[in-house]
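Convention: sequence-line order gives letters A, B, ...; per-chain numbering from 1.
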Amino acid sequence: MIRFFCQRTLPYTNPAVHCRINYRTSCSQRGFSSQAVQLAQQCSGHAESPTPDFDSHTYAAMLQDCVRNGDSAAGTGLHCEIVKRGGCLDLFASNILLNMYVKTGLVSDANKLFEEMPQRNTISFVSLMQGLSESQRFPEALDLFLRLHREGHELNPFVFTTILKLLVRMGWAEMGWNLHGCIYKLGHDSDAFVGSALIDAYTVCGCVDIARHVFEGIVFKDIVSWTGIVACYAENGCFEEALEVFCQMRTMGFKPNNFTFTSVLKACLGLGSLNAGKSIHAYVLKSHYEEDQFVGLVLLDLYTKSENTTDAFRVFEEMPKSDVVSWSFMIARYAQKDRCEEALDLFLQMRRALISPNQFTCASVLQACATMKQLVLGKQIHCHITKVGLDLNVFVSNALMDVYAKCGKIENSMELFIQSPDKNDVTWNTMIVGYAQLGDGNKALSLFLSMLRFQFPATEVTYSSALRACASVEALNVFDMMRKTNCKPNKLTFVGVLSACSNAGLLEQGQAYFNSMTQDYEIELCMEHYTCMIGLLGRLGHLNKAVKLIEEMPFKPSVMVWRALLGACVSHNNVELGKLSAQRVLEMEPHDDATHVLLSNLYANAKRWNNVAFVRKSMKKKGVKKEPGLSWIENQGMVHYFTVGDTSHPDMKLISGMLEWLNMKTWRAGFVPDCSAVLRQVENDEKERLLWLHSERLALAFGLIRTPSRSQIRIIKNLRICVDCHAAMKFVSKIVKRDILVRDMNRFHHFQDGICSCGDC
DNA sequence: ATAGGGTTAG
């Protein structure tokens, strides 16, 4: 055991010493600081045993051993022993002692020692600056540089490399410019270390040409300087040049290392050249750098970006499995690519490998949870991150807010939003979009307004999401506000503007915005813009104009475009055009059940029962099945599922009674059933009866019977809510004075006192 | 003699 003889840090003292043992030749060269420790222990532990005195050089050698082994305990112990014996250290030995404190991370001790030293030289300053810089104490490090200069110590290349690195770390790389002149005048720019540090500073500033100039001026270029210039090109988008320099380097006989490979692979990634990447990968394998985590990560990036999953996994398998970064990266990629199940699976594997997730991992897994509406896993991760304090990370808390919002628990999101210590634009966006998806345009809009009131800098994305969040007319107001700022409307902004016009049926304005996109804003028209316009024209019954616009499109209309037209044809009973649109959709997606159903609805509205039967038959032939409607509701930790006409629920008698009562009450309140939702050739009475058996109404009835009064009733449906059920829910919410929330395939419907948040659109 | 340079995911 190491014994501490006195307090860890001691004042610097200066008595005389004698040397008895040449410690350096006895054990220092074997490189064991334990020898130093033993010696120190021996001397102090047994007062009666002979205690040799050492000279400054011997202490220096012992301390140097501690540095080599990173042994702070031995080093500190030795310092104590030196002081106890009244030993004296010369400048050389004190510098090593100082460096011992710096290298073992005891920067405050180093600082104290530095101040107590009777003399200092450039080396003392550089050592301490390095330590302060490593431990992020930037202002102190910078002060030290000024002091060095003021006290007239030599400005050697070591000073400049250290100060340049410090500036880059502080984010003040531009200050490198000021130093460059001084460096040049002193002739230090030919030094490989100073040159590399300069190249790095210029890389950060984006000054590629000057970096190249510095590189050319380095007299003895080594692998680090070569890597520096490759990295400079790769980081600044000059990917071809990066590869070129890399080849040049090889012809000069330099062997790339893991740093070099990382940079050159980034260049391949930037070029999008899988082939170049693969040949570098082969070189990586030949040089045995495949286990390097940095190299591995860029390779993962390269292969996952080009959808090359097999190779990506091969690389992943070769990387050290203890590395949380590679796991998180893979999980993030899957989550971004909407392969959420794989993301979650990988997360579970990672947990099994006993690797604890960090903020990156949590943010990515939560993203996957949000997409999959995995509330349960989301809550588990919430517990974990609260326990380890990751909830303070803005990315994590944003992702968590999104999970709750997407799962319909917006109050939880709001709670996190309020607690969130440093909000960014994504934080606000998440809430705004969250309320918008819930159908609560007013809350979304007021949140957006308070964001402006707090003078939180709104970005294009914020304006765009606020605009898409609220109901039509307000959206156009938001757009006006945006035009008064420096934020430039983008593609997404106009998707919001146009869909607002579409929702409100504002044809003239919609058309004006549509035209101004190319004329005034130089925004390329994309499929979504056309889809909105076709929806707008179709909604107002201008079916021919919609067709004309489709013909004018500069690219092949997507399925969405034809679906929009088909929808318009269904509501305006245009059978021929509807048939054509459905055909177009089915050419691209022959097994799309929704289109078959819409087409059959179209025929049913026109009472063309033969055609209805034909569509049904062709669905059967192709094996296309309409996804059965399913609604579910949670109560006391149990989930209750209902299908249309379902009689299997144990509470069925009560549910039927409730439905009967609702039927009567809504009828008395003036509710007129819309039988168009029943596409069967039966009498109207029968149609009305069938409507009351829809899955969402069964779930509603159950909710009214079993959930606590005044609580919100939450129903989830896998398809879109039917028109008649939507109307009925509005009446019911008023009659029973309950909040009803229906999450259907598309959006939330929040029924309150006879009104739905979706504005019936 | 002792001090110095280049790479991780939203």
Does the gap between the ring centers of [X] and [Y] come in under 6.0 Å?
X	Y	value
A:Phe125	A:Phe114	yes
A:Trp177	A:Tyr202	yes
A:Phe294	A:Phe261	no

Under 4.0 Å, heavy atoms only, any strand: does [X] hit a base, just the sugar-phosphate, or nothing?
X	answer
A:Ser127	sugar-phosphate
A:Phe395	base
A:Asp323	nothing
A:Asn398	nothing
A:Ser225	base
A:Asn257	base
A:Val102	nothing
A:Ala192	base
A:Asn121	nothing
A:Thr162	sugar-phosphate
A:Asn424	nothing

* Residues in contact with DNA chain B, drawn from residues 281-296 of chain A - heavy-atom cutoff 4.0 Å ->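 Output list: A:Phe294.
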* Asked: By a strict heavy-atom criterion of less than 4.0 Å, which residues belonging to residues 332-355 of chain A are in contact with DNA chain B?
  ->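 Within this stretch, A:Gln336 sit under 4.0 Å of the strand.
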* To do: Please list, in 5' to 3' order, the outermost nucleotides of DNA chain B lying under 4.0 Å from any heavy atom of chain A.
  =>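 First and last nucleotides in contact are B:dA1 to B:dG10.
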* Minimal non-hydrogen separation, A:Ser413 against A:Met431, with atom names ->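 Where A:Ser413 meets A:Met431 most closely, the heavy atoms are CB-SD, 3.8 Å.
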* Heavy-atom pair of closest approach, residues A:Thr76 and A:Met100 ->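 Answer, listing the atom of A:Thr76 first, then A:Met100: N-CE, 3.9 Å.
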* Quick check: are there more than 12 heavy atoms from other residues, nucleotides or ligands sitting under 6.0 Å from CZ of A:Phe313? ->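 Check passes, neighbour count above 12.
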* Asked: Taking everything shown except A:Glu318 itself, do over 12 heavy atoms lie less than 6.0 Å from its CD?
  ->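 More than 12 within 6.0 Å, yes.
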* Using the side-chain hydrogen bond (donor to acceptor under 3.5 Å, both in side chains) rule, pick out the option among A:Arg333, A:Arg314, A:His281 that qualifies with A:Tyr303. =>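 Of A:Arg333, A:Arg314, A:His281, side-chain hydrogen bond (donor to acceptor under 3.5 Å, both in side chains) with A:Tyr303 is met by A:His281 alone.
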* For A:Phe316, is the NZ or CZ atom of A:Lys321 found under 6.0 angstrom from the centre of its six-membered ring and inside 45 degrees of the ring axis? ->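 Yes, a cation-pi geometry.
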* Assign the ring pair A:Trp226 / A:Phe215 to parallel, tilted or perpendicular, where the plane angle (0 to 90°) is split at 30° and 60°. =>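 Judged by the thresholds at 30° and 60°, the geometry between A:Trp226 and A:Phe215 is perpendicular.
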* Are a donor atom and an acceptor atom from the side chains of A:Asp200 and A:Thr203 found within less than 3.5 Å of each other? ->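 Short answer, no.
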